[in-house]
Each structure stands twice: as C-alpha cells, then as structure tokens.
Amino acid sequence: MQRWSKLFIPTLREAPADAEVASHKFLVRAGYIRQLAAGIYSYLFLAQRTILKITDIVREEMNTIGQELFLPALNPRDVWEASGRWDVMGDNMFRLKDRKGADLCLGMTHEEIMTDIARKELRSYKQLPQIWYQIQTKFRDEPRPKSGLLRVRQFTMKDSYSFDIDRAGLDKSFDLHDAVYRRIFNRCGLEFVAVEADSGSMGGSQSQEFMVYTDAGEDLVASCAKCGYAGNLEKATSKLEAVEDLPANPSGKREKVYTPGTKTIDDVAAFLKTPVNNNMKSLAFMMTDGTSPAGATIHRPLLVLMRGNDQMNEAKLSGAVGGREFRPMQEEEIVKYFNSPAGYLGPVGLKQVRVVENKDTANYVGDADQFVVVMDEALRGRKNLVSGANELDYHFTGLNIGTDFEVTACADLRNVVEGEGCPRCGEALKLGKAVEIGHIFKLGTKYAESMGAKVLDSDGKEVTVIMGSYGIGVERILTACIEQRHDENGFWLAPSIAPFTAVVTPVNVKDTALLEASEKIGQQLEAAGYDVLLDDRNERPGVKFKDADLVGIPFRINVGKKLAEGKVEVVERATAQSTEVAVADLLTHLQGLYNPRA
RNA sequence: CGGGGCGUAGCGCAGCCUGGUAGCGCACCUGCCUUGGGCGCAGGGGGUCACAGGUUCAAAUCCUGUCGCCCCGACCA
C-alpha cells in the first residue's frame with residue numbers, strides 16, 4: 001500500500017496551454033508525464049506504473065505464442081543497407097556517427113535485426129515456425145510530433161516477427177497474432193475495431209490495423225455496424241448506387257461541345273444540365289518511373305479518371321501504380337502534356353504506355369512523355385460520359401471507354417463517403433476518426449529475400465523464409481483509453497491497467513479513527529490483490545476528491561462520518577455511482593465490481 | 001519543408017503598441033483556522049522576461065538574427 005503523502009504525483013489545476021487533445025491535457029494534469037522536447041516525454045510514477053501493467057498484459061499474452069527477445073536500439077548502417085531501408089527511411093530515421101566515423105541509426109522498427117538473426121541462425125525447416133517478439137523503445141524523427149503521447153519521436157513498441165516455411169504457416173502465425181491482439185486490447189478495456197488496411201510499400205499481402213475510434217485520431221475508418229466490416233479509408237470500399245448513363249448522342253459518336261468558362265466539374269455539369277456523376281474528372285500528376293540508362297530519374301505523366309463528385313485517395317493511387325511516387329502536375333506541365341489549359345483535360349488522344357506485367361508490379365513500357373491512365377472502378381462499364389477535350393472552352397460528350405479512349409489500368413481509387421453501402425451487407429457505412437494501436441501484416445519474403453534468410457526444406461532444397469510483422473503501440477493503449485474514458489474532471493482507466501485499482505480516502509487525517517480504519521481497509525484490500533493508494537494527505541476533502549477524480553483510478557473508498565455506523569462509501573469513477581457499504585462487506589462488494597484474482 | 005501563433009515564477013496569464021522600480025491568479029513555505037467537492041486570514045520565498053547582437057542615458061518593451069514549443073498543411077515503415 002502506497003501513501004499519497006509520500007509520493008510524487010504532481011497534479012495541476014490547469015492544463016498547459018499547448019495541450020489540445022484530452023489525453024494530453026489529462027496526462028499532464030494528472031502528473032503522469034512531463035515534456036522534455038517536442039515528441040519526447042518523461043514518464044513519471046503513475047505513467048510508469050500503468051505502462052508496466054500494460055506491458056505485463058502484453059507479455060503474458062505474447063508468451064502464449066512467442067518468445068521474448070531484447071534487441072539493440074542502436075543499429076549499424078550495414079544491416080539497414082542490406083534491406084535497402086537505409087535510404088528509404090530518409091529523414092524519418094535518427095542517424096548518428098560513432099567516434100570512428102561509422103554510421104549508426106536508432107531503430108524505428110526491427111525487421112532488419114530480427115531477419116539478421118534469422119539468416120545467421122536458422123538453417124532448417126525443422127526450426128520453423130518461430131515467433132520472436134520484443135518490447136522496446138523505438139525512435140522516429142517524426143516531421144510533426146503532436147497530441148501528447150499520440151505521435152511522438154520516442155515510444156515503446158511491442159513488435160513481433162514470425163518466420164515460416166510456407167504461406168500456410170504464415171497464415172497461422174497471422175491468425176495467432178490476431179487472436180492474441182484481441183485478447184490484449186480487451187484486457188486493457190479498449191473498444192476497438194480490426195480494419196482492413198493498406199500494406200503500403202511494405203508489399204504485404206494482408207494487412208490489418210487495430211483502431212480505436214476517437215476524434216483525436218489521424219486515420220479515417222469506415223465501418224459497418226451490422227456485419228462488422230471495417231476498413232481504413234485507404235482501403236475501404238462500398239457498394240455504389242448505379243448511375244444512370246446519359247443517352248448516346250444523336251450522331252452515335254462523341255461530340256465536341258463549346259462550354260465557355262467552365263473550369264470546374266460543377267460548372268460543366270450545370271452548363272450542360274447533366275448530373276455531375278456523368279462527368280469524368282481528370283486529375284493530372286507527374287510520376288517517377290525508374291531510371292534511364294544514363295541514370296536519370298524518369299518522370300512520366302499520369303492521368304487519373306474519376307467520377308465527377310468522387311474524391312481520390314492517394315494511398316489507393318499509390319497502390320495502383322506500384323508504389324511509384326507522384327505529385328500534381330504544375331500549370332506549365334499540364335500545358336506541355338495536354339496542350340490545353342487546366343480545367344479542360346481529358347483522356348482523348350493521349351499517347352499511352354504499354355504494360356508488361358512482372359511478378360510484383362506492372363512495368364510501363366514507352367517513351368517518357370507517354371501517359372499512364374488509371375481509371376476508377378466506379379467508371380467501369382459507364383457510357384456516354386462527359387470530359388474535357390484538351391482544348392480551352394471545349395468538352396466532349398458521348399465518350400465511351402474503348403471507343404474514344406483507352407486506359408492503362410482500372411483500380412479502386414475513390415474515398416468511401418459516409419452513408420454508402422457496406423461492400424458486404426449493404427448497410428450504411430459509418431466514417432470516423434481513429435487511432436491505430438496495433439498493426440499486423442504479412443510481410444512475405446520482402447526482408448528474407450533481400451537479406452538472404454533461407455533454410456533447407458524437407459527435400460533439402462533452399463527456400464526463403466516467409467515473414468510476418470506485428471506491432472503494438474504501448475503508450476497508444478494508454479492514450480486511447482483516456483480518449484475513450486474521460487469527462488471534464490479527469491479520466492478512469494480499466495482496473496487492469498490503472499496505476500492503482502482503488503484509492504482509500506480518509507476524509508480527515510487528523511481524525512485518527514478515520515486514518516486508522518483507512519489503513520486497515522487498505523491492508524485488507526492489498527491482501528486480496530488490489531493495488532491500493534491511501535490518500536493520507538492533510539488536505540481538505542474537496543482537494544482529495546478532485547485529485548482522485550483526475551488521476552485515473554477506477555474505485556474510491558471514502559472513509560468519513562459514516563464510519564461510526566461501520567460504513568464506508570464506494571465510488572465508481574466511471575459512473576460516479578456511490579454506494580454505502582458496511583466495512584465487513586467491503587471486499588465482497590469490490591470483488592463484485594472487479595476482482596484482480598479472477 | 002510551406003503557412004500561422006507563442007516564448008515573462010512550477011501552471012495559467014497581464015505588462016510590450018506609447019522604453020524608465022517586473023505584476024496578477026493558482027501552486028509553494030510559515031503560522032493560525034478549517035475538514036464531504038480545489039476553505040479562510042496573515043506573513044513569506046521564487047523570474048539571467050528563450051538566447052545573441054544592435055539602437056538608447058535607459059530595453060521584457062524598439063530593430064536584426066538564432067533557438068525552442070504549439071497549431072494547420074505536406075509527410076508518416
């Protein structure tokens with residue numbers, strides 16, 4: 001049992017002016033954290049206690065499927081060069097030199113180090129599968145740290161890596177993590193959703209994020225309350241209502257129409273008196289596409305075709321062009337490639353690349369001025385569309401795919417809009433901001449291949465091991481809990497991760513009967529497995545109640561004037577519900593609310 | 001990296017425009033008082049005014065530069 005009067009719990013009446021989100025304000029006010037620099041925080045006593053409780057849960061659950069290691073945060077350059085990520089990580093990686101001038105970095109994640117161990121030590125399929133995990137500090141030089149502990153430059157991550165001999169093994173390792181993650185987040189008292197996610201340039205085949213809905217979040221998630229479908233906006237799709245096509249032009253062919261001063265889709269639709277979704281929006285980008293024989297980066301024009309009132313998702317486009325980088329065209333580039341001012345662009349008459357499929361991504365074959373044209377799925381099968389004619393003040397009507405223009409590829413590119421139908425069951429989708437607290441995905445052979453992690457299979461043949469990568473942001477569990485469980489006075493953590501499960505509050509410590517009874521109660525609860533904080537400070541009751549409400553402890557036991565009748569008061573922080581309980585019944589009563597030994 | 005804002009006591013802020021003794025609330029220390037929702041009274045401690053340079057008899061205040069922090073955007077394995 002700890003005595004508040006002896007502890008360092010620096011609570012504040014006011015939040016620092018630079019705190020915006022609830023978790024940040026309360027973590028500072030409740031004396032959990034103090035900032036050292038942008039995105040770098042010291043964890044004080046209460047924070048450290050809850051983080052240890054969280055990692056205890058993580059460790060306990062992870063031990064059911066894997067083995068804990070502890071790997072260096074300080075990494076030599078060559079390991080990261082072996083995977084190719086020394087360059088890829090760019091400014092996001094902290095880099096330093098040792099006294100001999102050798103390059104080192106601080107680990108952002110540990111695929112490289114784990115794979116390095118695997119390639120040096122694993123020899124046979126008989127040693128597989130393996131699941132190795134660690135709980136370690138990670139360093140990322142975020143361009144913009146923000147929102148307290150939500151986006152920081154130094155944080156704790158549980159990261160694990162699976163090594164399997166085949167796809168089926170990887171599927172199993174993935175499913176094991178999925179199940180364990182659900183248990184971990186449930187035990188921490190989080191309401192979360194598992195969502196389909198974009199695997200990005202990691203090249204994974206399946207990727208799932210664990211998200212907590214909160215306005216403090218930076219991701220957008222679409223989910224279906226009926227069937228449970230959920231997807232990151234970068235991945236989510238929806239059932240779209242069919243759009244009625246316009247009738248064909250009387251000529252049966254496309255027609256060029258004079259549309260003076262109509263630079264936006266809405267202008268064109270209004271001018272032609274056609275629904276916006278019968279218009280095709282043309283978005284022009286410049287894309288990098290490999291290097292020329294001379295070593296120069298090739299820049300290639302990229303045209304994206306969307307329905308008139310759809311928004312394009314950049315992550316989806318990135319996937320559609322094999323992860324190549326792109327940016328919007330500048331005005332003079334538009335004129336150069338389209339021979340037309342912006343506002344009247346369209347796909348008709350553009351020179352296009354040929355596509356040669358290889359095993360990973362499409363190869364574009366053609367001169368550097370030849371276009372890649374990617375069309376959104378929502379346009380597939382549509383007829384008699386309207387689009388710019390690549391000429392000032394003119395648009396085409398009656399455009400048909402295959403007749404009037406070709407596309408290089410067709411892909412899902414649009415952002416789902418709230419209220420659209422769930423792709424599985426048709427129910428209206430909900431869209432909300434969310435924080436990512438965990439991510440599991442199938443890496444495949446990306447690192448094992450580039451770094452040469454191979455074993456012999458049962459036929460004596462050398463095969464590359466298949467990997468998965470699985471992360472949990474430890475501090476984000478804490479912040480997400482606070483975002484989910486707070487009011488104007490403070491927050492309440494789940495008893496499993498709260499720094500203390502109960503605070504015993506003698507209303508007046510000068511009254512020795514109250515203090516002694518409180519101590520006795522505290523000892524009794526400790527014996528039953530509760531972490532008890534005794535608020536023995538010589539403060540007025542109001543001060544103690546305010547502090548207790550602030551710091552996240554789920555239960556409070558008030559020891560006051562009713563003690564004369566043998567009664568104390570149990571207050572549940574989450575509901576503010578207060579119950580008078582005879583001291584003799586206190587333990588049973590509390591166990592009914594939460595039993596640490598259960 | 002682009003845009004905006006802010007740096008004055010532990011926290012929240014005023015003072016700066018119009019240069020002249022550095023202030024307020026909370027917190028902290030001492031004493032008294034009080035004890036069921038941040039109580040009251042009296043006394044007290046604490047600030048190189050982010051840093052550097054300049055202007056001036058005199059700079060928290062005006063000028064220049066630098067650093068730091070926050071917000072929006074870009075970015076984000």
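By convention in this document, chain letters (A, B, ...) are assigned in the order of the sequence lines, proteins followed by strands, and residues within each chain are numbered from 1.
- Listed nucleotides B/G37, B/U34, B/G12 differ in distance to A/Glu14; the shortest reach to its side chain belongs to B/G12.
- When heavy atoms are screened at a 4.0 angstrom cut-off, A/Glu314 is found touching the sugar-phosphate backbone but no base atom.
- If you take atom P in B/G37 and the same atom in B/U21, they sit 45 Å apart, rounded to whole Å.
- Within 4.0 Å (heavy atoms only), A/Ala19 reaches no atom of the nucleic acid at all.
- At a threshold of 4.0 angstrom between heavy atoms, the contacts of A/Arg34 with the nucleic acid are absent.
- Distance check on atom P: B/G54 versus B/G73 gives 42 Å, rounded to whole Å.
- With P as the reference atom, B/G45 and B/A22 are 15 Å apart, rounded to whole Å.
- Figure legend. B/G2 is base-paired to B/C72; pairs are counted as Watson-Crick or G-U wobble with both atom distances under 3.5 Å.
- Salt-bridge annotation for A/Asp536 and A/Lys6: absent, with no side-chain N of the basic residue lying under 4.0 Å from a carboxylate O of the acidic one.
- Evaluation of atom-type donor-acceptor distances gives a pair under 3.5 Å for the side chain of A/Glu569 against the base of B/G36.
- For A/Arg300 (side chain) and A/Thr288 (main-chain N/O), no donor-acceptor pair under 3.5 Å exists by modelled atom type.
- Between A/Gln35 and B/C70 there is a side-chain polar atom (N or O) within less than 4.0 angstrom of OP1 or OP2.
- Note on A/Met93: nothing from the nucleic acid sits closer than 4.0 angstrom, heavy atoms only.
- With salt bridges taken as basic N to acidic carboxylate O contacts below 4.0 Å, none links A/Lys25 and A/Glu14.
- For the pair A/Phe545 and A/Glu20, both in contact range of RNA chain B, the more 5′-proximal nearest nucleotide belongs to A/Phe545.
- Using a 4.0 Å heavy-atom distance criterion, A/Asp547 is classed as a base contact.
- Here the side chain of A/Arg573 pairs no donor or acceptor atom with the backbone of A/Arg556 at under 3.5 angstrom.
- For the pair A/Arg95 and A/Trp86, the distance from NZ or CZ to the six-membered ring centre is under 6.0 Å and the angle to the ring normal is within 45 degrees.
- When rounded to the nearest whole Å, the span between CG of A/Asn232 and P of B/C76 equals 14 Å.
- Contact annotation for A/Pro16: backbone-only contact, meaning every heavy-atom pair under 4.0 Å involves sugar-phosphate atoms and none involves a base.
- Across all strands shown, B/C67 forms a Watson-Crick or G-U wobble pair, both distances under 3.5 Å, with B/G7.
- Residue A/Pro328 is out of contact with every strand shown, counting any heavy-atom pair closer than 4.0 Å.
- Annotation: B/C62 and B/C72 have their C1' atoms spaced 31 Å apart (nearest Å).
- Contact annotation: A/Lys146 side-chain N/O to B/C76 OP1/OP2 distance is not under 4.0 Å.
- Base pairing analysis places B/U18 opposite nothing; no Watson-Crick or G-U wobble pair with both distances below 3.5 Å involves it.
- The partner of B/C24, taking Watson-Crick or G-U wobble pairs whose two distances both stay under 3.5 Å, is B/G12.
- Counting any heavy atom pair closer than 4.0 Å across all strands shown, A/Ser83 reaches no nucleic acid atom.
- With hydrogens and angles ignored, no donor-acceptor pair closer than 3.5 Å exists between the side chain of A/Arg13 and the base of B/G37.
- The base of B/G10 is not paired with the side chain of A/Arg29 by any donor and acceptor separated by under 3.5 Å.
- Proximity of A/Arg144 to the phosphate of B/C72: a side-chain N or O atom is located under 4.0 Å from OP1 or OP2.
- When both pairing distances are held under 3.5 Å, B/U34 makes no Watson-Crick or G-U pair with any nucleotide shown.
- Contacts of A/Asp511 with the nucleic acid, taken as non-hydrogen atoms under 4.0 Å apart, are absent.
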Take A/Asp141 and A/Arg153 through the salt bridge (charged side-chain N to carboxylate O under 4.0 Å, His left out) test and state the conclusion after the steps.
CA-CA 5 Å; A/Asp141 195 358; A/Arg153 298 196 290 174; 3.4 Å; yes
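- Going from the P atom of B/C17 to that of B/C6 covers 15 Å, rounded to whole Å.
- Here the separation of B/G47 from B/U55, taken at their C1' atoms, is 26 Å to the nearest Å.
- Ion pairing between A/Glu112 and A/Arg85 holds under the 4.0 Å rule for side-chain N and carboxylate O.
- In this structure, B/A58 forms no base pair with any nucleotide, since neither Watson-Crick nor G-U wobble geometry is met with both distances under 3.5 Å.
- Not a single donor-acceptor pair, N or O on each side, falls under 3.5 Å between the base of B/G36 and the side chain of A/Asn508.
- Nucleotides B/C51 and B/C57 have their C1' atoms positioned 25 Å apart, rounded to a whole Å.
- The same atom, P, is picked in B/A60 and in B/G20; the two are 9 Å apart, to the nearest Å.
- Heavy-atom distances to RNA chain B give each of A/Arg537 and A/Lys510 a nearest nucleotide, and the one nearer the 5′ end belongs to A/Lys510.
- Judged by atom type and distance alone, A/Arg151 reaches the base of B/C76 through a side-chain donor-acceptor pair under 3.5 Å.
- Under the 6.0 Å cut-off for aromatic ring centres, A/Tyr181 and A/Phe210 qualify, their centroids lying closer than that.
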